[in-house]
Amino acid sequence: MNIKVSVVMPVYNVQRFVKSAIESVLNQSYDNFELILVNDCATDNSLAICQTIHDSRIRIINHKHNKGLAAARNTGIRHAIGHYVAFIDSDDQWHQDKLQLHVDHLNANPKVGISFSRSAFMQHDGTMTAIFQMPQLNNISAEVLLCRNPVGNGSAPVIRRAALNDIRFQSYSHASDHSCYFDETFRQSEDIECWLRMIATTKWQMAGIPQPLTYYRLNPEGLSSDVNKQLASWEKMIDKARIFAPKLLQQHESKARAYQLRYLARQAVRSGQGTTAKEMINKAIAQSPALLMEETGRTVVTFSAAYLLYVLPKSVFNTCAKIGQYCIGVRQRWVIGRDGVRASQY
């Protein structure tokens, strides 16, 4: 069978979300795909829920031991037979036209190894927010990727299989001998490490699609909720990148760290961690004071939000935040419907 796209979905203790994630894949307007569910030894009802969904395009692969997200993705890739490999985390969702638009994008751009979409944020309960990731979409160098990670999350990219083959390596573990694409020693930041290794060490390019085709869930219980762990994993990624891209790190490490700290400050604001947000934004500016000159607006907004959250009662801060989100939404609102995706100006 000539499968065009293999969709890889790691599954671990996501019984509240996994059905909606699977349905968002099965409901794609493009139908030449397989869906590989990799059960990473879930201890809740996630596997049972997956088994109730009967579709010939689904394959379930079970790990014997919990190995983490990177290993689950590697397992999925090794079993994939598609020309393109798409990733979706089991607490996120896709717009129904995501695969069609990525297939068109990759077919039209043979030098692009990683195609990604912009993302829209969902609340933990699945309610859509007015917040969108609006990253750079073209001319993405290794420096841009290191500093900004325009892909944003693990549910956004669709990758050419040939590009994955070019970064394949053997497992570090003596207990098993298998091909890897993501570094299984990482429990976080495994995605940016993989993208950076591909862009910094191969001929493949990265480019994005303007529509927000990925719906990213703001999950306070997820891996990304602990910003200090995120920072530690990012530093681990930097340590590894010094080996395969030393010149890149010599030139841009300090700037990249400042961007990462500012991003984590925003994450801390979203999760209501005022003290952490204040500490992160202070470290970002100390790491690279040029942030205040090069991106004054974004840096000042993050600084202000962090300090307001630190000094104000949360109820007052939340009211201010809602007003700010509404004002942003009035200026530019993305309309996301089952009949398509478009940007509307107001």
Pair Ser155-Asp91, side-chain contact (heavy atoms from CB on, under 4.5 Å): steps then yes or no: CA-CA 9 Å; Ser155 297; Asp91 55 353; 5.8 Å; no
Same apolar cluster: Ile281 and Leu231, side chain cutoff 4.5 Å: no
Exercise: identify the closest heavy-atom pair between Val85 and Ala80: CG2-CB, 4.4 Å
Distance-only side-chain donor-acceptor flag, Arg78 / Asn74, under 3.5 Å: no
Spacing of CG belonging to Leu309 relative to OG1 belonging to Thr275, to within rounding of 0.5 Å: 8.5 Å
pair Val112-Met206: side-chain heavy atoms closer than 4.5 Å: no
Distance-minimising heavy-atom pair for Cys147 and His252: SG-O, 4.4 Å
Non-neighbouring partners of His105 that pass side-chain hydrogen bond (donor to acceptor under 3.5 Å, both in side chains), sequence neighbours left out: Ser115
Test item: Tyr259 and Glu295 side chains (from C-beta on) under 4.5 Å apart, heavy atoms: yes
Given Trp204, Tyr181, Phe182, the one that forms ring pair (Phe, Tyr, Trp, His ring centres under 6.0 Å) with Trp195: Phe182
Main-chain N/O of Asn138 paired to Gln136 side chain as donor or acceptor, under 3.5 Å: yes
Any donor-acceptor N or O pair under 3.5 Å, side chains His83, Asn2: yes
Side-chain donor/acceptor of Asn39 to backbone N/O of Ala42, under 3.5 Å: yes
Hydrophobic cluster identity match, Val14 and Ile60, side-chain contacts under 4.5 Å: yes
Close side-chain approach of Pro135 and Phe116, heavy atoms under 4.5 Å: yes
Nearest atoms (heavy-atom pairs only) where Ala200 meets Ala245: CB-CB, 4.2 Å
The single option from Asp183, Ile167, Ile199 passing side-chain contact (heavy atoms from CB on, under 4.5 Å) against Cys194: Ile167
Heavy atoms from other residues, nucleotides or ligands near CG of Asp55 exceed 12 (cutoff 6.0 Å): yes
Same apolar cluster (I L V M F W Y, side chains within < 4.5 Å links), Ile285/Leu264: no
Nearest-0.5 Å distance that lies between atom NE2 in His79 and atom CD1 in Ile61: 4.0 Å
From CG (Leu213) to CD (Gln96), nearest 0.5 Å: 10.5 Å
Lys4 NZ/CZ over Phe33 ring centroid, <6.0 Å and within 45° of normal: no
Whether Lys67 side chain and Glu184 backbone form a donor-acceptor pair below 3.5 Å: no
Check: Trp234 and Arg257 side chains under 4.5 Å, non-hydrogen atoms: yes
Pro150 side chain reached by Leu137 side chain, heavy atoms, under 4.5 Å: no
Heavy atoms from other residues, nucleotides or ligands near OH of Tyr310 exceed 12 (cutoff 6.0 Å): no
Sub-6.0 Å ring centroid separation between Phe303 and Tyr307: yes
Heavy-atom side-chain contact between His124 and Phe17 under 4.5 Å: yes
Proximity of Phe132 and Tyr215 rings by center, below 6.0 Å: no
Heavy-atom side-chain contact between Gln251 and Glu143 under 4.5 Å: no
Expected output: side-chain Glu253 to main-chain Ile238 donor-acceptor under 3.5 Å: no
Main-chain N/O of Thr296 paired with Thr299 side-chain donor or acceptor, under 3.5 Å: no
Backbone N/O of Gln260 and side chain of Arg148: donor-acceptor pair under 3.5 Å: no
Step-by-step side-chain hydrogen bond (donor to acceptor under 3.5 Å, both in side chains) determination, Thr43 to Asn13: CA-CA 6 Å; Thr43 58; Asn13 290 4; 3.1 Å; yes
Interatomic spacing from CD1 in Ile159 to CG in Leu164 - rounded to 0.5 Å: 5.0 Å
Donor-acceptor pair, side chain of Ser119 and main chain of Tyr216, under 3.5 angstrom: no
Joint hydrophobic cluster, Tyr12 plus Ile77, side-chain heavy atoms closer than 4.5 Å: no
Stepwise side-chain hydrogen bond (donor to acceptor under 3.5 Å, both in side chains) test for Gln230 and Asp226: CA-CA 6 Å; Gln230 274 191 278; Asp226 190 325; over 6 Å; no
Gln211 and Arg118, any side-chain heavy atoms less than 4.5 Å apart: no
Distance-minimising heavy-atom pair for Val11 and Ser46: CG1-CB, 3.7 Å
Steps toward side-chain contact (heavy atoms from CB on, under 4.5 Å) verdict (Met280, Asn228): CA-CA 9 Å; Met280 291 291 178; Asn228 289 304; 3.6 Å; yes
CA sep, side-chain torsions, deciding dist, call: Asn62, Leu47, side-chain contact (heavy atoms from CB on, under 4.5 Å): CA-CA 9 Å; Asn62 294 296; Leu47 177 59; 3.8 Å; yes
Arg242 (side chain) donor-acceptor with Met237 (main chain) under 3.5 angstrom: no
Sidechain-backbone polar pair: Gln15 side chain, Asn45 backbone, donor-acceptor under 3.5 Å: yes
Spacing of CG belonging to Leu249 relative to OG belonging to Ser254, to within rounding of 0.5 Å: 11.5 Å
Inter-residue atom distance Glu235.CD - Ser189.OG, 0.5 Å rounding: 9.5 Å
Least distance between heavy atoms, Leu26 atom then Arg57 atom: O-NH2, 3.4 Å
Trace of the side-chain contact (heavy atoms from CB on, under 4.5 Å) decision for Cys180 with Arg168: CA-CA 6 Å; Cys180 291; Arg168 179 175 54 196; over 6 Å; no
Flag for Gln100-Ser29: side-chain donor and acceptor within less than 3.5 Å: no
Where Gly68 and Asp40 come nearest, the two heavy atoms and their spacing: N-OD2, 2.8 Å
Check: Gln28 side chain, His95 main-chain N or O, donor-acceptor pair, under 3.5 Å: yes
Asp191, Leu69, Asn153 screened by side-chain contact (heavy atoms from CB on, under 4.5 Å) with Asp89, the one that passes: Leu69
Pair Thr214, Lys98: side-chain N/O donor-acceptor within cut-off below 3.5 Å: yes
Within one Ile-Leu-Val-Met-Phe-Trp-Tyr cluster: Leu308 and Leu292, side-chain cutoff 4.5 Å: no
